[in-house]
Amino acid sequence: MTIEREYELLYKDNYESLYYYALQIVKDEELCRDIISDSFEIVWRKREDTPKEKRRAFFYRMVHNRCVDYIRKETARNRYADFYRRMSQAGVIEQEYDAEDDIRKQRIVDEVMEELPPQTRNVVQLCFFENMKYADAAGQLGISLSSVKKHIAKAMLRFRSRWRPDG
């Protein structure tokens, strides 16, 4: 049997179970189909490096990894949207959330977070990205509540200056 035929059977024999496996993780039928196709493409490209007895497991692992990657990206995207909403509510950002401007905003958040001193970055991470109360963040970091507030104020100034450079 040719290698092409072996991989064709690998795909056909495992498609349905992989589909339902992926569907349990990502909950989107069309996305499951895409993930399986993309995973199979990777499995096919690495056919020379994959022993015959490990091909099925490798295919499953690729589908699993692609599902987890998708969830991570969606989680990050949702965190940014939530962060932006919170910044808007805090008065840092005046305009409403605009989906087409999302990439620029994510870049600004990343850049400002990188610029912040480590302790300020930790405070913002806990309070805005992990939705922790200021008092809980203070306890976890071993600093006072007023220190948390000062770190938040420092970060808000940076975010405001980046979103509204003129103001």
Side-chain angles (χ1 to χ4, degrees), residues 1-90 92-93 95-133 136-137 140-141 155 158-159 162-163:
M1 181 178 328
T2 67
I3 190 130
E4 290 83 4
R5 179 69 179 146
E6 287 178 24
Y7 272 84
E8 178 183 347
L9 291 175
L10 175 70
Y11 185 83
K12 287 180 180 179
D13 292 345
N14 293 285
Y15 182 85
E16 187 175 356
S17 61
L18 282 167
Y19 173 81
Y20 288 110
Y21 176 69
L23 190 59
Q24 289 177 346
I25 299 170
V26 298
K27 314 285 191 247
D28 181 317
E29 294 177 2
E30 190 63 35
L31 179 61
C32 290
R33 291 182 196 100
D34 291 344
I35 285 173
I36 292 169
S37 294
D38 292 345
S39 298
F40 186 73
E41 182 182 336
I42 294 167
V43 170
W44 173 252
R45 279 190 308 210
K46 297 190 179 246
R47 68 187 174 276
E48 301 297 325
D49 303 327
T50 310
K52 185 175 184 171
E53 64 276 1
K54 295 187 179 189
R55 291 177 186 158
R56 183 174 184 270
F58 183 51
F59 196 8
Y60 269 85
R61 177 56 47 200
M62 289 308 305
V63 168
H64 175 82
N65 289 349
R66 308 269 304 164
C67 288
V68 170
D69 288 346
Y70 172 79
I71 289 171
R72 280 189 189 129
K73 288 176 185 171
E74 278 300 300
T75 301
R77 200 171 297 136
N78 291 337
R79 271 197 333 250
Y80 278 118
D82 186 53
F83 177 74
Y84 186 79
R85 181 186 54 77
R86 288 170 169 268
M87 297 289 278
S88 180
Q89 289 172 344
V92 175
I93 304 166
Q95 72 256 24
E96 290 297 313
Y97 179 75
D98 178 7
E100 64 186 47
D101 206 22
D102 192 41
I103 294 172
R104 183 185 67 81
K105 292 171 187 163
Q106 287 181 16
R107 191 184 78 247
I108 290 171
V109 169
D110 288 340
E111 289 171 359
V112 171
M113 289 295 286
E114 284 296 315
E115 295 169 2
L116 294 174
Q119 188 74 310
T120 303
R121 186 178 324 123
N122 290 338
V123 169
V124 170
Q125 178 70 34
L126 292 174
C127 294
F128 285 96
F129 289 97
E130 297 178 25
N131 300 322
M132 193 176 280
K133 293 180 180 178
D136 295 336
Q140 182 170 331
L141 296 171
R158 288 257 178 107
F159 283 112
R162 293 298 289 275
W163 261 294

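Predicted model, so just to flag it, every value in this text is computed and none were measured. Below, all heavy atoms of this structure are taken into account, side chains as well, without hydrogens, waters or symmetry copies.
The structure places CD of E114 at 5.5 Å from CZ of R121, a figure rounded to the nearest 0.5 Å. Y7 contributes atom OH, which lies 12.0 Å from atom OG1 of T2 (distance to the nearest 0.5 angstrom). Residue Q140 holds its CD atom at 4.0 Å from CE of M132, rounded to the nearest 0.5 Å. The structure places OH of Y70 at 13.0 Å from CG of D38, a figure rounded to the nearest 0.5 Å. The CD atom of E111 lies 12.0 Å from the CG atom of L116; values are rounded to the nearest 0.5 Å. To the nearest 0.5 Å, atom CG of residue N65 and atom CZ of residue R72 are 8.0 Å apart.
The side-chain heavy atoms of Y60 and N14, taken from C-beta on, include a pair separated by under 4.5 Å. H64 has its side chain within reach of Y21: a pair of non-hydrogen atoms, C-beta onward, lies under 4.5 Å apart. A heavy-atom distance below 4.5 Å is found between the side chains of F59 and I36. V43 has its side chain within reach of L10: a pair of non-hydrogen atoms, C-beta onward, lies under 4.5 Å apart.
A salt bridge does not link R66 to D69: none of the charged nitrogens lies less than 4.0 Å from a carboxylate oxygen. Using a cut-off of 4.0 Å between Lys/Arg side-chain N and Asp/Glu carboxylate O, E6 and R47 are scored as not salt-bridged.
Ring geometry for Y11 against Y15 counts as tilted: the plane angle lies between 30° and 60°, on a 0 to 90° scale.
Checked against side chain to side chain contact (heavy atoms under 4.5 Å, CB included), E16 has the following partners two or more places apart in sequence or in another chain: Y20. Legend: residues meeting salt bridge (charged side-chain N to carboxylate O under 4.0 Å, His left out) with E8, ordered by chain and number and at least two apart, are R5, K12.
With C32 as the fixed residue, the side chain to side chain contact (heavy atoms under 4.5 Å, CB included) test singles out one of V63, L23, L18: L23. Checking E48, E53, K46, K52 one by one against T50, the side chain to side chain contact (heavy atoms under 4.5 Å, CB included) holds for a single residue, K46.
The minimum heavy-atom distance between V109 and F159, with the atom names listed, is CA-CE2, 4.0 Å. Shortest non-hydrogen contact noted between R158 and V112 is CB-CG1, 3.9 Å.
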